[in-house]
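Predicted model, so just to flag it, every value in this text is computed and none were measured.
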Amino acid sequence: MNTLESLPVMLDDVLEAQKLLDGIITRTPVESSRALGAMVGGEVFLKCENLQRAGSFKVRGAYVRMAKLSPAEKKRGVVAASAGNHAQGVAVAAKSLGIKARIYMPLGVALPKLAATRSHGAEVVLHGHNVDEALAEAKRYADETGAVFVHPFDDVDIVAGQGTVGLEILEQIPNVDTILMGVGGGGLLAGVAVAVKARAKELGREIRIIGVQAENAAAYPPSLAADALVPLKRVSTMADGIAVGRPGQLPFSIIRELVDDVVTVSEDALARALIFLLERTKMVVEPAGAVGVAALMEGKIENPGTVAVVLSGGNIDPMLMLKVIQRGLSAAGRYMTVRMMLDDRPGSLATIARIIAENDANVTGLDHTRVGGSISMGDVSITVNLETKGHEHCEQVLAALRAEGFQPIVVH
């Protein structure tokens, strides 16, 4: 039996979803990136789902799922659980369809995401300390009240709705060879794979579909290797939109058949990708939306040809952005913090300042401490934040300090 004809979601499902979404969602633009193209030796295009309604692709699947409810189900309302994008997608879709929505979000959820979800008209209930606890409470509420539970990825209609991203990519970039996107539970990757692989077969072409995960939240590689769902014991990544410890059963059954590869990227690579997108493409993208760019920048994709990278979302907390920018600059050698012990005598600090100035680095912050558990009498601890121009420049500054007898320790 043909694999494409035996899957739980097929091309016809995605085409039906596309009709339902006509006039509801934004047909997001595709932007070329010459800088990324130069890095990989081919054309690179960015599919800007960060510009989608509610800031991510999630509204696609949520709307399709709810539009297909019966009148009785719509009357009972819907319930979901999320720390961000799925919550906003469900809220927007529910408002468009006139359905009451109740969203469970964990305590401590980012304020911008909480405010945005409420602004779309959903009732938000804060519960639990993580998404799993919020999810359990949402399911309990559904069982108790009859409200329809809208799963973020483990649902046929959700997967079909997300797959419409793939149809748009094929229409906008007919010569695409490789499509990259982040993967958490797997709804987007599974849906795009169904749409693109079926269309490619009709055209007699090969188009590679590759998923990307943060290496500290990568449940798919071990699951694919074992041909079974392998839950992670711990998930820790700035890419909260794909911080899923267990793949969805439905998406996994599709991904293992159709997806060519799932690769991982480091947190530093993610931070560098976000900085690149801000500086070179003027795109505000959340970490989960930048993993495909990180994979290209890290050389994780061999012979990519003409590439489409899905920037899956742009809902980033400004406080997280501050931290990510600092980490990204540090990873690129453009920001460095050093700590040194000095003799507490006049002129020591002036010498440090002279060396830094002579080597064309810029001081952005300084901490001068005489008292502390590890500081001896007559010594002073100094911590200097520096703006630098790359890894070689960092080494130049450190070498100049050492040549003058100082022993700088790099903190960042």
Side chain of [X], backbone of [Y]: donor and acceptor closer than 3.5 Å?
| X | Y | value |
| --- | --- | --- |
| Thr264 | Glu215 | no |
| Arg76 | Ala142 | no |
| Asn359 | Ala361 | no |
| Glu133 | His129 | yes |
| Gln162 | Gly61 | yes |
| Thr306 | Asp177 | no |
| Gln172 | Pro29 | no |
| Thr178 | Pro304 | yes |
| Asp261 | Ile210 | no |
| His86 | Gly241 | no |

What's the separation between atom [atom1] in [X] and atom [atom2] in [Y], rounded to the nearest 0.5 Å?
| X | Y | atom1 | atom2 | result |
| --- | --- | --- | --- | --- |
| Glu73 | Ile99 | CD | CD1 | 9.5 Å |
| Arg65 | Leu20 | CZ | CG | 13.0 Å |
| Asn315 | Asn85 | CG | CG | 4.5 Å |
| Gln326 | Thr337 | CD | OG1 | 6.5 Å |
| Leu7 | Leu258 | CG | CG | 5.0 Å |
| Leu180 | Ile301 | CG | CD1 | 5.0 Å |

ask   = Considering residues at least two apart in sequence or located in another chain, which fulfil the side-chain contact (heavy atoms from CB on, under 4.5 Å) criterion with Ala273?
value = Ala290, Val293, Ala294, Met297
query = Going through the distances and angles, do Glu31 and Lys282 end up as a salt bridge (Lys or Arg N to Asp or Glu O under 4.0 Å)?
reply = CA-CA 11 Å; Glu31 300 288 345; Lys282 317 309 174 194; over 6 Å; no
Do [X] and [Y] sit within salt-bridge range, that is, some charged N less than 4.0 Å from a carboxylate O?
| X | Y | result |
| --- | --- | --- |
| Glu267 | Arg327 | no |
| Lys197 | Glu257 | no |
| Arg334 | Glu279 | yes |

inquiry  = Students often mix this up, so state it plainly: with edges at 30° and 60°, are the rings of Tyr220 and Phe252 parallel, tilted or perpendicular?
reply    = tilted
inquiry  = For Leu250 versus Val156, what's the shortest heavy-atom pair and its separation?
reply    = CD2-N, 3.3 Å
task = Check whether any side-chain heavy atom of Thr164 sits under 4.5 Å from a side-chain heavy atom of Val64, and report yes or no.
result = no
message = Just by distance, no angles: are the side chains of Glu49 and Thr28 close enough, under 3.5 Å, to form a donor-acceptor pair?
response = yes
